[in-house]
Peer 1: 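My questions will all concern the structure given below.
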Amino acid sequence: MGAQARSLTAVEDCARRVAERHNVSEIRIPALERLELFQHSSGETSDIVEKQMYSFVDRDEAETTIALRPEGTPGVVRAYIEAGLDRSDPEQRFYYVGPMFRRERPQKGRFRQFSQFGVEIFGRPDPATDAELMLMVDELRRELGLELMFEINSLGDAECRPRYRHAVLEYGRAHLGELCEDCRHRLERNPLRLLDCKIDVKLAEAAPKSRDYLCDNCRAHFATVRELLTDAGVPHAVNPRLVRGLDYYTRTTFEVTSTAVGAQSAVAAGGRYDGLVESLGGAAVAGTGFAIGVDRLALALDAAHFASRADAALAALGDAAMRRAMTLAAEMRAAGLRVELLSPGRGLKALMRRADKIGARYAVIIGDNELASATVALRDLKTSTQSEVAQADLIAALSAAGANRRA
Ligand code: ATP
Ligand code: MG
């Protein structure tokens, strides 16, 4: 509705622009797929498949079981293979956006129908691709004006992941009595899930770490991803428990969180899934991707806007000053400043109370004297100091003072 719809659209539009800049093209995938697709890709022991899928038996002759898609990746991979691209032209870059469906307990930031924006890049085994995916999320974050945290991990590949899996399995068996019901139940089939268990937190923290099991190639790949992120100025932390809920990840996994959206803080997640195309019947082609929770980013965006403060309050004393203040305000806004032109006809004291209330960093005051000398009084509302500035120099003075750097 209204403002909420606008925030969702703003996030989706911004994500499209970022993806297009990276030469990623849109793919439209259906909301209905065969249930098996998700069982074979997301994995039988993932939460999505075990508990969260909406599915029904169709009344066709074969009584096909259909599912409402809980995520986008499997449908993109299916379409990619069906079009024969895995063999004819494997290097492809796609994005999708649209509704996903999961049986969840609805709460703030967690819905049974929600929107995801996702990118999938095929045929690129190099670490630059893993880093580029995170750069896209970082660009989106910047354009939306949000603070986000990046966490990354590496799960190893076909060579070293089985060794790691075995170590976690042995660890789980040794602590069987202490595991929660879910972890115990899926331990033999998917021991890694123990690592991101929200109940057995202590056990998960003490579990074997994937970085101690990586083969040389995976170690080098992970080091390069981290270097590239550092070079690009994307701060990130290594989280050895980041395994993701889906079964298909290899090497890099990442998750992006926001502190602005409350308990449901994960706003995006992704990584590398080099075995997925082959396991769904295609050629052995590398794959990487991420999905953004559009609803959660929109919530973060709204929270950021709600918390944001004016850069400057413009106070005009008298009608003539008001006319000049209008043009000054327009110039300041054109320079990217967030400016409120205060209601005229009030005394300075009332004006400053309003400036305080909207959390303005600066007050720009213009009366008859200032009008005559083509100056303004510039008051720093944090330090309560005031100086006289020429009207022509106002924008330079405000940017020198960092008025447009939002905290
Ligand atoms: P969570 O741990 O919050 O359940 P997830 O691991 O199930 O997330 P993914 O499958 O990785 O999530 O989906 C990617 C993103 O989609 C998440 O980071 C989140 O922002 C968003 N998302 C997932 N489930 C929901 C939901 N039920 N409602 C709204 N957004 C969701
Ligand atoms: Mg989930």
Side-chain angles (χ1 to χ4, degrees), residues 4 7-8 11-12 14-15 29 31 37-38 41-43 45-54 67-77 95-120 133-134 136-138 140-141 144 146 148-153 155 182 186 190 192-199 201 204 239 241-249 252-273 276 287-303:
Q4 281 165 333
S7 302
L8 291 169
V11 171
E12 288 174 354
C14 192
I29 45 167
L37 175 68
F38 301 106
S41 53
S42 311
T45 56
S46 67
D47 277 352
I48 289 184
V49 169
E50 268 196 327
K51 306 175 192 155
Q52 298 184 325
M53 234 176 341
Y54 289 106
L68 283 169
R69 63 180 178 194
E71 56 155 340
T73 305
V76 176
V77 175
Y95 75 81
Y96 62 84
V97 54
M100 305 294 158
F101 307 85
R102 297 184 192 178
R103 186 176 289 113
E104 305 247 28
R105 199 160 55 79
Q107 50 196 292
K108 188 179 178 203
R110 187 176 292 285
F111 312 108
R112 288 182 290 207
Q113 174 173 342
F114 56 99
S115 171
Q116 278 188 344
F117 180 95
V119 169
E120 315 290 351
L133 291 172
M134 283 176 261
M136 284 186 222
V137 180
D138 191 57
L140 176 64
R141 167 197 86 70
L144 296 173
L146 295 174
L148 298 177
M149 266 180 31
F150 287 76
E151 289 182 308
I152 79 169
N153 191 23
L155 295 176
D182 269 354
R186 67 188 167 212
N190 191 354
L192 292 189
R193 289 302 309 284
L194 182 161
L195 296 165
D196 69 352
C197 180
K198 310 276 188 299
I199 302 164
V201 176
N239 175 356
R241 289 177 44 202
L242 198 69
V243 293
R244 309 286 312 117
L246 308 175
D247 290 351
Y248 50 62
Y249 285 100
T252 314
T253 56
F254 68 92
E255 204 162 285
V256 188
T257 53
S258 157
T259 47
V261 283
Q264 310 310 326
S265 61
V267 295
R272 181 165 281 285
Y273 49 86
L276 184 61
T288 49
F290 66 75
I292 289 170
V294 173
D295 306 76
R296 289 191 196 167
L297 264 189
L299 281 169
L301 196 61
D302 292 342

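Whatever order the structure lists ligands and atoms in, that order sets their numbers, starting from 1. Note that these values count all heavy atoms, side chains included, but never hydrogens, waters or copies made by symmetry.
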Peer 1: Does a side-chain heavy-atom distance below 4.5 Å link F114 with R296?
Peer 2: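 No, their side chains stay 4.5 Å or more apart.
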Peer 1: Evaluate the side-chain proximity of D47 to E104: yes if any heavy-atom separation is below 4.5 Å, no if none is.
Peer 2: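 Heavy-atom side-chain distance check fails, nothing below 4.5 Å.
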Peer 1: Using a 4.0 Å heavy-atom threshold (strictly under), name the region of R110 that reaches ligand 1: side chain, backbone, both or neither.
Peer 2: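 Within the 4.0 Å criterion, R110 contacts ligand 1 through backbone and side-chain atoms alike.
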Peer 1: At their closest point, which heavy atom of F38 faces which heavy atom of P70, and how far apart are they?
Peer 2: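 For F38 versus P70, the nearest heavy atoms are CE2-CD, 3.5 Å.
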Peer 1: Could you check whether atom CZ of R103 has more than 12 heavy atoms from other residues, nucleotides or ligands sitting under 6.0 Å from it?
Peer 2: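 More than 12 within 6.0 Å, yes.
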Peer 1: Tell me the closest heavy-atom pair linking I292 and A268, and the distance in Å.
Peer 2: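 Minimum heavy-atom contact is CG1-CB, 3.9 Å.
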Peer 1: Decide yes or no for L297 and L140: does some side-chain heavy atom of the first lie under 4.5 Å from some side-chain heavy atom of the second?
Peer 2: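 In contact.
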Peer 1: Is the shortest distance from a heavy atom of R296 to ligand 1 less than 4.0 Å?
Peer 2: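 Flag set, R296 near ligand 1.
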Peer 1: Enumerate the atoms of ligand 1 whose separation from the nearest heavy atom of A266 is less than 4.0 angstrom.
Peer 2: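 Those atoms are 17 (C), 18 (O), 19 (C), 20 (O).
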Peer 1: Measure E255 to ligand 1 on non-hydrogen atoms and call it side chain, backbone, both or neither using the 4.0 Å cut-off.
Peer 2: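 It is neither; nothing of E255 touches ligand 1.
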Peer 1: Report, in ascending order of atom number, the atoms of ligand 1 lying under 4.0 Å from any heavy atom of R102.
Peer 2: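 So the answer, numbered in order with elements, is 5 (P), 7 (O), 9 (P), 10 (O), 12 (O), 13 (O), 23 (C), 24 (N).
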Peer 1: Please report the closest heavy-atom contact between E120 and G289, naming both atoms and the distance.
Peer 2: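 Between these two residues, the closest heavy atoms are OE1-CA, 3.6 Å.
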Peer 1: Heavy-atom contacts with A268 under 4.0 Å: which atoms of ligand 1 show up? List them by number with element.
Peer 2: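 Near A268, the atoms of ligand 1 are 18 (O).
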Peer 1: Judged by non-hydrogen atoms, does D295 sit under 4.0 Å from ligand 1?
Peer 2: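 For ligand 1, residue contact (heavy atoms, under 4.0 Å) with D295 is absent.
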Peer 1: With a 4.5 Å cut-off on side-chain heavy atoms, are L242 and D196 touching?
Peer 2: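 A side-chain contact is absent here, since even the closest heavy-atom pair is not under 4.5 Å.
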Peer 1: Just heavy atoms, cut-off under 4.0 Å: does Q116 contact ligand 1 by side chain, backbone, both, or neither?
Peer 2: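 For Q116, the contact with ligand 1 is made by the side chain alone.
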Peer 1: In ligand 1, which numbered atoms sit nearer than 4.0 Å to a non-hydrogen atom of G109?
Peer 2: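 The list of qualifying atoms is 28 (N), 29 (C), 30 (N).
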Peer 1: If I apply the N/O under 3.5 Å rule, does F111 come out as touching ligand 1?
Peer 2: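 Between F111 and ligand 1 (N or O atoms, distance only) the closest approach is under 3.5 Å.
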Peer 1: Against heavy atoms of E104, which atoms of ligand 1 measure under 4.0 Å?
Peer 2: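 Per the distance check, 24 (N), 26 (C), 27 (N).
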Peer 1: Which atoms of ligand 1 sit under 4.0 Å from any heavy atom of A269?
Peer 2: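 Under 4.0 Å from A269, ligand 1 has these atoms: 11 (O).
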